[in-house]
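Along the sequence shown, residues are numbered consecutively beginning with 1. Counting convention: from 1, in listed order, for ligands and their atoms alike.
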Amino acid sequence: MKSHILGMPRIGARRELKFALESFWKGTLTEQGLQQVARNLRAENRRRQRDAGLDWITVGDFALYDHVLTNFLRYAGPLSLEDQFRRARGDSQSRPWDMTKWFDTNYHYLVPELGTTWSGSGEDLLAEVTEAVADGYPADRLKVVLLGPVTLLALSHASSGSVWDSLPALISAWERILARLADAGVGWVQVDEPVLALDADPRIDEALRQVYRSGARSPRLLLTTYFGAVAHQRGLIDSLCVDGVHLDLVRGAGQLDGWVWPQGRVLSLGILDGRNVWKAGDDQVAQRLAGVPAQADLWVSSSCSLLHVPVDASPETALAPDLRQRLSFAVQKLDEVKLWSDRLARGDLPVVPPVPPRNAALASSRRRVPGFAIRQPLQQAALHLPPWPTTTIGSFPQTAEIRQLRSAWKRGALDAAAYQARLKEVTAEALHWQDEAGLDVLVHGEFERTDMVEAFGELLDGYAFTGLGWVQSYGSRCVKPPLIHADVARPRPMTVDWATFAQGLTDKPVKGMLTGPVTMLQWAFVRDDKPRAEIAFQIADALRDEVLDLEAAGLKVIQVDEPAFREGLPLRREDQAAYWAWAVEAFHRTVSSVKPETQIHTHMCYSDFSDCLDQIAALDADVLTIETSRSAMTLLNHFRDFRYPNALGPGIWDIHSPRIPSRDEMVDLLRAAARVVDPSRLWVNPDCGLKTRDWPEVKTAITNLVEAARILRQG
Ligand code: GLN
Ligand code: ZN
């Protein structure tokens with residue numbers, strides 16, 4: 001029995017890498033200084049693995065900005081730091097590489113633009129091996145992580161031709177890297193091929209056969225899969241020439257059932273969840289171990305890289321002791337891996353628990369009645385909106401002043417009453433400005449919120465917040481997801497005071513503003529002892545009470561944001577229908593108890609929604625505002641082809657860009673929209689919330705937007 005992990009977080013327990021990168025970009029830290037921070041982080045990660053007693057010390061998992069970029073350079077050849085960061089962040093001359101979600105995680109990688117030659121030979125990997133050896137780790141105890149050539153190509157973008165055209169040249173680079181690692185005496189290479197967890201694709205399968213064939217001089221190869229079961233690829237995997245295979249038995253529990261393990265091949269058991277923060281219980285591990293072949297050469301591991309969890313739970317002393325005791329961040333996972341590897345070596349196997357019966361009642365739909373066609377005139381009678389109604393997505397600028405006030409209040413330098421009083425003033429100013437600017441449906445501005453999930457998590461039972469539980473989102477950007485550790489409930493109204501305060505300042509309708517159940521779940525670390533659907537419904541039920549309280553308080557329009565609606569979509573098609581059923585149901589539970597006159601909005605952004613219009617339509621929101629301007633409105637063509645039934649607000653100002661479109665540009669966009677969707681169902685709004693913009697920009701852009709709507713009303 002051997003123990004290892006697939007990779008450590010790179011950011012550092014106190015986000016050392018983030019701060020070093022940002023200082024380097026600002027020019028206050030030298031390149032040498034940055035590299036020193038990186039070296040220290042790598043040394044610390046190695047030390048932690050050794051101290052935990054793991055058999056293989058994993059190296060090569062570090063990246064200054066992004067592991068896909070780093071691995072690309074191993075094959076393509078090294079670049080100066082300046083050139084690397086230009087790919088990552090762009091500059092005045094060049095656009096950065098696109099960034100997109102790493103499979104179904106909340107990590108974002110840079111999409112490599114192919115077009116170079118593959119002249120690398122893993123220079124940085126060799127340097128890391130040398131670094132580790134110099135630190136006292138024998139080379140044959142090292143396991144070097146390399147992103148597999150097939151996954152690298154599958155995730156890349158070729159501006160001309162197919163990415164697969166460059167496979168032969170890439171294979172030469174791959175063989176060069178392996179030969180050099182073999183020369184350095186490295187024990188194992190962990191070659192990551194998470195594409196195996198996707199639906200099978202003949203081009204990918206063919207590429208895998210070409211890459212993993214016998215002959216090349218190489219350390220032993222551990223073909224590493226994660227983020228799902230790969231049982232559908234069993235035949236292919238069995239036929240590849242590798243020395244071991246790693247399986248994610250957390251996401252892909254049960255996949256070993258009936259798998260006749262090839263003689264002599266190592267089986268690495270990913271039984272500790274690399275994507276969640278809870279200590280594994282005996283029951284869970286027992287389920288994950290189901291079907292483990294008796295004869296195989298076994299290793300124990302995390303399911304995937306620990307990149308997706310925070311570094312260390314031990315400083316979280318502000319949390320309740322019983323909660324803290326349940327936590328396992330990366331450092332704790334190392335000990336768990338060792339513990340389970342020792343237990344399995346002793347034959348101390350946990351007993352498989354009986355499978356609880358599935359709760360079939362979970363997915364009963366509660367769509368709103370009556371339908372949109374009947375609701376629409378009732379809402380119109382209640383709201384008296386002009387054609388082409390204008391609105392915003394919720395937040396107004398979080399100015400430096402507001403952020404300073406909040407931090408003063410949080411550290412006790414400002415009392416709560418003074419903080420609240422100033423927020424009220426700011427809110428009132430925002431309301432008056434919106435009124436004067438001529439917007440039709442107003443918002444309170446979300447000045448009291450730092451973050452759309454945190455704001456509600458702090459008011460709901462069942463959520464907790466860590467002090468240092470940061471995980472990398474991309475580059476130097478980190479997020480600190482809350483923990484959902486117990487049943488979620490709403491002890492008291494959450495937003496009613498702000499909403500009624502705002503509505504009291506104007507005769508126009510104010511939109512209540514809530515974060516939807518799927519987003520509240522998706523952007524948190526969720527307890528793993530209950531199905532996600534069940535937690536989503538708990539959140540939905542809490543939000544429903546809030547929706548009804550807002551309605552009772554006189555709010556006629558309520559928005560339930562679901563930017564993460566698509567983010568939890570399972571990788572395999574066969575699993576997707578079940579996800580959609582509960583995701584849609586959670587939204588219905590949240591909103592379907594209101595009167596037909598109450599107008600429900602939802603908002604979506606950050607994802608490409610063109611492949612889930614059915615599910616978006618099934619939400620049956622009266623109004624959907626959606627990010628469209630970056631895609632030059634091409635999303636709208638999908639809405640046309642699909643005949644989206646309800647009202648739609650395609651964003652006409654890309655708030656992620658400092659560029660402000662003119663009134664005429666907005667008019668053109670809206671006219672284009674009107675060719676696609678009946679104008680009686682169109683709304684006029686920006687792409688997303690305005691919290692990251694400043695007031696002068698907002699004033700200019702919203703004034704243009706209101707004028708654009710006026711021009712369209714004139715015909
Ligand atoms: N209502 C939120 C806001 O305006 C929505 C944010 C989002 O879509 N990400 O800030
Ligand atoms: Zn948005």
message: Asp435 vs Thr506, test: side chain to side chain donor-acceptor pair (under 3.5 Å). Steps then yes/no.
response: CA-CA 7 Å; Asp435 223 338; Thr506 174; 3.0 Å; yes
- line: heavy-atom search around atom 1 (N) of ligand 1 in the protein gives Asp561 OD2, 2.7 Å
- prompt: Where is the nearest protein heavy atom to atom 6 (C) of ligand 1: which residue, which atom, and how far?
  reply: Met452 SD, 3.5 Å
- prompt: Do Asp487 and Gln538 have side-chain atoms, one donor and one acceptor, less than 3.5 Å apart?
  reply: yes
field: Stepwise ring-ring contact (aromatic ring centres under 6.0 Å, His included) test for Trp580 and Phe565
entry: CA-CA 9 Å; Trp580 286 128; Phe565 183 54; 5.1 Å; yes
- request: Would you please test Glu585 and Arg366 for salt bridge (charged side-chain N to carboxylate O under 4.0 Å, His left out) and show each step?
  value: CA-CA 7 Å; Glu585 165 67 3; Arg366 305 166 173 226; 3.6 Å; yes
- prompt: Are any of the N or O atoms of Leu690 closer than 3.5 Å to those of ligand 1?
  reply: no
message: With nothing but distance in play, are any N or O atoms of Gln559 less than 3.5 Å from an N or O of ligand 1?
response: no
task: Applying salt bridge (charged side-chain N to carboxylate O under 4.0 Å, His left out), run through Asp66 and Arg87 and close with a yes or a no.
output: CA-CA 11 Å; Asp66 165 45; Arg87 305 271 184 300; over 6 Å; no
message: Listing by chain and number, which protein N, O or S atoms are under 2.8 Å from the Zn ion (ligand 2)?
response: His603 NE2, Cys605 SG, Cys688 SG
statement: Within the 4.0 Å heavy-atom cut-off, what Ser395 brings close to ligand 1 is both
query: Within a radius of less than 6.0 Å around NZ of Lys530, do more than 12 heavy atoms belonging to other residues, nucleotides or ligands occur?
result: yes
Please determine if [X] forms a cation-pi arrangement with [Y], meaning its NZ or CZ atom is less than 6.0 Å from the six-membered ring centre and no more than 45° off the ring axis.
X	Y	answer
Arg275	Phe227	yes
Arg15	Trp470	yes
Lys424	Phe501	yes

message: Testing the basics here: between Ile393 and Asp561, what is the closest heavy-atom pair and its distance to 0.1 Å?
response: O-OD1, 4.4 Å
field: Exercise: identify the closest heavy-atom pair between Val441 and Leu385
entry: CG2-CD2, 3.9 Å
field: Lys691 near ligand 1 by a heavy-atom separation under 4.0 Å
entry: no
Out of all atoms in ligand 1, which are within 4.0 Å of some heavy atom of [X]? Include the element for each.
X	answer
Tyr606	9 (N)
His603	8 (O)
Gly394	4 (O)
Gly689	3 (C), 4 (O), 10 (O)
Cys688	7 (C), 8 (O), 9 (N)
Met513	1 (N)

Which atom pairs, donor and acceptor, lie under 3.5 Å between side-chain atoms of residues 637-646 and protein residues at least two apart or in another chain?
unit_1, atom_1, unit_2, atom_2, d
Asn646, ND2, Asp620, OD1, 2.9
Asn646, ND2, Ala621, O, 2.8

